[in-house]
Amino acid sequence: MKKILVTGGLGFIGSHTVVELQNEGFEVLIIDNLSNSTIEVLDKITSITNKKPSYFNIDLKDKVAVQQFFKENNVDGVIHFAASKAVGESVEKPLEYYENNIGTLVYLLQEMKANKVSNFIFSSSCTVYGQADELPITENAPVKPAESPYGNTKKIGEEIIKDTTKISKINAIALRYFNPIGAHESAKIGELPIGVPQNLIPFVTQTAAGIRKELSIFGSDYPTIDGTAVRDYIHVVDLAKAHIIALSRLLNYKNKTSFEVFNIGTGKGNSVLEVIQSFEKVTGKKLNYKLVERREGDITAAYADTTIANTELGWKAECTLDEALLSAWKWQETL
Ligand code: WQD
């Protein structure tokens, strides 16, 4: 049974990926410092798959602890989620973001190289494209100057990995996520934002649940179908499955080069108002919202060209926006 290390495996995307890995028969080891997750997620994963992942409460900034882990555990691959990911916070605390997102990536790659672990999947983001000149966005779209230190850590992270694959036996795939939303069908795991949600969907579901008074829609004067910004909202389970397929590509030596990049989105763009209409339709809830000024740093529109992921990776998103939003609501109802 192949053993896979999942860093940040108790987080939103990490936990859904652990479930899919276990469903595919992998043995999973999780490293998570609980800075943006809770230990209860470990039992929730176990209750879904009836298999308890091994869990290590390690902070990847602790180089000695990372060295110790790799000395004591032989893994066949690493899926790396652990990182700080709040765009706004990264503007206020750039050094914390560079230390946590870049420093830990370097430690991880150093130990992988030293211990001959050669398969690496990196959690990247469509944020590296900034506002792309052309839509849908292909993997060849120019990587633009980052709009935030968070986005910069993804851009720099990809470069670090690419350079490392050139001088080591490490093969890597960077998955550039569009907007992950929704929750597992069991409603046992989902998005757990700490404090006031920065992202749209958790704010929508918390408003519908009466936790927030009303949703502010940031900007209604964008050059889009209805003036509100457009994004590619992908169900987190579809996203999780893409990681398994990418990992298997490396484990089976199917990769064409030592560093590959794939856009992981639905290929469809939806505006904020379209998301609200869909949410109200599938849940029967009326959403309280108001139109306000644009949010600093937001782009007008982004949605993926998924041709390469579909043809080369053999992966395609299956869930619709309606299904993803309903799953997010069912999850919110359990909180
Ligand atoms: C989506 C749309 C907002 C909240 C960011 C990161 C990206 C990834 C996903 C980590 C935008 C609008 C939002 C609200 C709103 N993060 N909105 N009212 O900004 O596209 O992407 O999160 O990997 O890297 O950049 O996602 O959910 O914050 O916003 O109107 O209360 O919803 O303006 O148009 P975003 P988001």
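Counting starts at 1 for both ligands and their atoms, following the listed order. Side chains are part of it too, since the values below use all heavy atoms of this structure and drop only hydrogens, waters and symmetry mates. Numbers for residues simply follow the sequence, beginning at 1.
Y222 carries R294 over the face of its six-membered ring, with the cationic atom under 6.0 Å from the centre and within 45° of the normal.
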Could you give me the CA-CA distance, side-chain angles and deciding distance for F69 and F56, then say whether ring pair (Phe, Tyr, Trp, His ring centres under 6.0 Å) is met? CA-CA 9 Å; F69 173 86; F56 304 82; 4.9 Å; yes
Evaluate F81 against H243 for ring pair (Phe, Tyr, Trp, His ring centres under 6.0 Å), listing each step before the verdict. CA-CA 11 Å; F81 293 104; H243 290 76; 5.0 Å; yes
Apply salt bridge (charged side-chain N to carboxylate O under 4.0 Å, His left out) to D238 and K241, showing your working. CA-CA 5 Å; D238 277 333; K241 289 176 178 171; 5.3 Å; no
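Short contacts between ligand 1 and A229, defined as distances under 4.0 Å to a heavy atom of the residue, involve ligand atoms 34 (O). The distance from ligand 1 to the heavy atoms of V87 drops below 4.0 Å at these ligand atoms: 6 (C), 25 (O). Listed by number with element, the atoms of ligand 1 under 4.0 Å from a non-hydrogen atom of I217 are 30 (O). In summary, the atoms of ligand 1 found under 4.0 Å from a heavy atom of Q198, numbered by their order in the structure, are 4 (C), 28 (O). Under a 4.0 Å criterion applied to the non-hydrogen atoms of N179, ligand 1 contributes the atoms 20 (O), 21 (O), 26 (O), 35 (P).
In this structure, the protein non-hydrogen atom closest to atom 20 (O) of ligand 1 is R231 NE, 2.7 Å. What sits closest to atom 30 (O) of ligand 1 on the protein, heavy atoms only, is F218 N, 2.9 Å. Closest protein heavy atom to atom 29 (O) of ligand 1: R295 NH2, 3.4 Å. Nearest protein heavy-atom neighbour of atom 12 (C) of ligand 1: V272 CG2, 4.0 Å. Distance from atom 7 (C) of ligand 1 to its nearest protein heavy atom, with residue and atom name: S125 OG, 4.0 Å. If you check which protein heavy atom lies closest to atom 33 (O) of ligand 1, you get D298 OD2, 2.5 Å.
At least one heavy atom of Y233 sits less than 4.0 Å from an atom of ligand 1. Distances shorter than 4.0 angstrom occur between a heavy atom of Y150 and an atom of ligand 1.
Distances from atom 15 (C) of ligand 1 to the protein include at least one heavy-atom value under 4.0 Å.
N252 and S248 are not linked by any side-chain donor-acceptor pair at a separation below 3.5 angstrom, with hydrogens and angles left out of the test. If you check the side chains of T307 and D305, you find a donor sitting under 3.5 Å from an acceptor.
Counting non-hydrogen atoms of neighbouring residues, nucleotides and ligands closer than 6.0 angstrom, the CD atom of E134 reaches no more than 12 such neighbours.
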Cut-off 3.5 Å, no hydrogens considered: what does the side-chain donor-acceptor table look like for residues 18-29, sequence neighbours left out?
residue, atom, partner, partner atom, Å
Q22, OE1, T49, OG1, 2.6
Q22, NE2, K51, O, 3.0
N23, ND2, V19, O, 3.4

Side-chain donor-acceptor contacts of residues 121-128 below 3.5 Å, not counting sequence neighbours, with atom names and distances?
residue, atom, partner, partner atom, Å
S123, OG, Y177, OH, 3.2
S124, OG, E158, OE2, 2.6
S125, OG, T127, N, 3.0

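Inter-residue side-chain proximity for Q110 and K63 is flagged as met; some heavy-atom pair is nearer than 4.5 Å.
Residue contacts with ligand 1, taken as heavy atom pairs separated by less than 4.0 Å, do not involve I201 at all. Only the backbone of S216 comes within contact range of ligand 1, with a heavy atom under 4.0 Å; no side-chain atom does. For N199, heavy-atom contacts with ligand 1 shorter than 4.0 Å involve the backbone as well as the side chain.
Considering backbone and side-chain atoms together, L200 places an N or O closer than 3.5 Å to an N or O of ligand 1.
Note on I264 and L247: same hydrophobic cluster, where clusters join Ile, Leu, Val, Met, Phe, Trp and Tyr whose side-chain heavy atoms are under 4.5 Å apart, directly or indirectly.
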